[in-house]
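For this chain, numbers begin at 1 and follow the sequence in order.
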Amino acid sequence: MIVYTVGELLRQWRQRRGLSQLDLAIAADVSARHVSLVETGRSQPSADMILRLAAQLHVPLRERNRLLLAGGFAPRYTERPLHDIALSAVHDAIRRVLHAHEPYPAVAFDRRWNIVMTNRAVDRFFAQVAPDLLRPPVNLVRLGLDPRGLARMVVNLADVRAVFRTRISRQLAAAPDPELTALYEELLAPEPDDASDHRIDDGVVLPMILSVGGRELRLFSTITTFGTPMDITIDEVAIESYYPADAESAAYFMK
């Protein structure tokens, strides 16, 4: 296992973000020379300086703890289960958001796309899924692409797979993760004859088209995250809310 210094880790994050030392220095209101000294290990940054630079680099909270440890400091951010009493207000907020979105489906998931909460509108779709795919942790990507899951209902599966591929590729580029990489390679890595690189941005939004009971439902989605989180779990939770893309699809959910 390679052990990196805090300076080396900061340099990796800076390069990942496509910034020069001067770019980072200006954003963090420090000198470019100081950034250089930190990255080369000739200057030992304080915990506050590490977090200052990490904030400008949009480093996830989990990785900010790693930076602090590499710099010889204690982690600053906790990670608790979503059902922990300390996160009860957040848990309740997520539940309220999901409930308020009914009768349309909505799911909350973590950084690895494991579902942590759903609303009741999702139940009718999960009823069509093989039971083993619903054993925790239920992964939204696997659920959507597995032939025994929702994939058999998705008319434009190539489009949906391409969207998943784009979103997870961007996520991995922003913050590498071994388990998410394994999920990508298992379900999304392009094959030599893969034709899913076709254009998927011809419209305003790309609908997911589901075949349900002999009718087609067209849905689009939005993603919601928490602002200024101080807990790793909250930092990594997202809510995906699905909306009907036409009147016929809306009518389906009203019955």
Could you give the distance from [atom1] ([X]) to [atom2] ([Y]), rounded to the nearest 0.5 Å?
X    : Y    : atom1 : atom2 : value
R17  : L24  : CZ    : CG    : 11.5 Å
E185 : T181 : CD    : OG1   : 6.5 Å
I232 : D110 : CD1   : CG    : 13.0 Å
E79  : L87  : CD    : CG    : 10.0 Å
L219 : S241 : CG    : OG    : 12.0 Å
F164 : L145 : CZ    : CG    : 5.5 Å

Ion pair check, [X] and [Y], cut-off under 4.0 Å:
X    : Y    : value
D48  : R52  : no
D146 : R152 : no
D231 : R80  : yes
E186 : R142 : yes
E240 : R167 : yes

Using the rule that two of Ile, Leu, Val, Met, Phe, Trp, Tyr join whenever any of their side-chain heavy atoms come within less than 4.5 Å, decide whether [X] and [Y] are in one cluster.
X    : Y    : answer
Y4   : L57  : yes
I26  : V38  : no
L140 : L188 : yes
M230 : L51  : yes
V154 : L187 : yes

Any heavy-atom pair between the side chains of [Y] and [X] that's under 4.5 Å?
X    : Y    : answer
V107 : I239 : no
F125 : L143 : no
V138 : N114 : no
R165 : P190 : yes
E39  : E8   : no
F109 : V141 : no
H99  : R120 : yes
L210 : E216 : no

Does [X] reach the main-chain N or O of [Y] with its side chain, forming a donor-acceptor pair under 3.5 Å?
X    : Y    : value
D177 : L172 : no
N65  : Y77  : yes
D159 : M208 : no

request  = Consider only side-chain N and O atoms of T40 and R42, and report whether a donor and an acceptor are under 3.5 Å apart.
outcome  = yes
key: Side-chain donor-acceptor pair present, Q171, W113, cut-off under 3.5 Å   = yes
Please check if atom [atom1] in [X] has more than 12 non-hydrogen atoms from other residues, nucleotides or ligands closer than 6.0 Å.
X    : atom1 : answer
R218 : CZ    : no
R33  : CZ    : no
I223 : CD1   : yes

If you take all heavy atoms of [X] and [Y], which pair is closest and at what distance?
X    : Y    : answer
F73  : P45  : CE1-O, 3.5 Å
S43  : H34  : OG-CE1, 3.6 Å
L98  : A108 : CD2-N, 4.3 Å
L19  : R14  : O-NH1, 2.8 Å
E248 : R215 : O-NH2, 3.4 Å
Y184 : S169 : CE1-OG, 3.4 Å

Candidate pair R76 and R64, rule side chain to side chain contact (heavy atoms under 4.5 Å, CB included), full reasoning = CA-CA 8 Å; R76 194 73 70 87; R64 294 187 197 189; over 6 Å; no
request  = Would you check, one step at a time, whether the test side chain to side chain contact (heavy atoms under 4.5 Å, CB included) holds for M49 with L53?
outcome  = CA-CA 6 Å; M49 178 56 67; L53 295 173; 4.0 Å; yes
message = Could you check, using the six-membered ring where one of them is a Trp, whether Y104 and Y242 have ring centers closer than 6.0 angstrom?
response = no
request  = Could you please spell out the steps behind the side chain to side chain contact (heavy atoms under 4.5 Å, CB included) verdict for I94 and L82?
outcome  = CA-CA 10 Å; I94 295 173; L82 191 57; 4.1 Å; yes
key: Criterion side chain to side chain contact (heavy atoms under 4.5 Å, CB included) on L133 and F126, from CA distance to verdict   = CA-CA 9 Å; L133 291 176; F126 281 10; over 6 Å; no
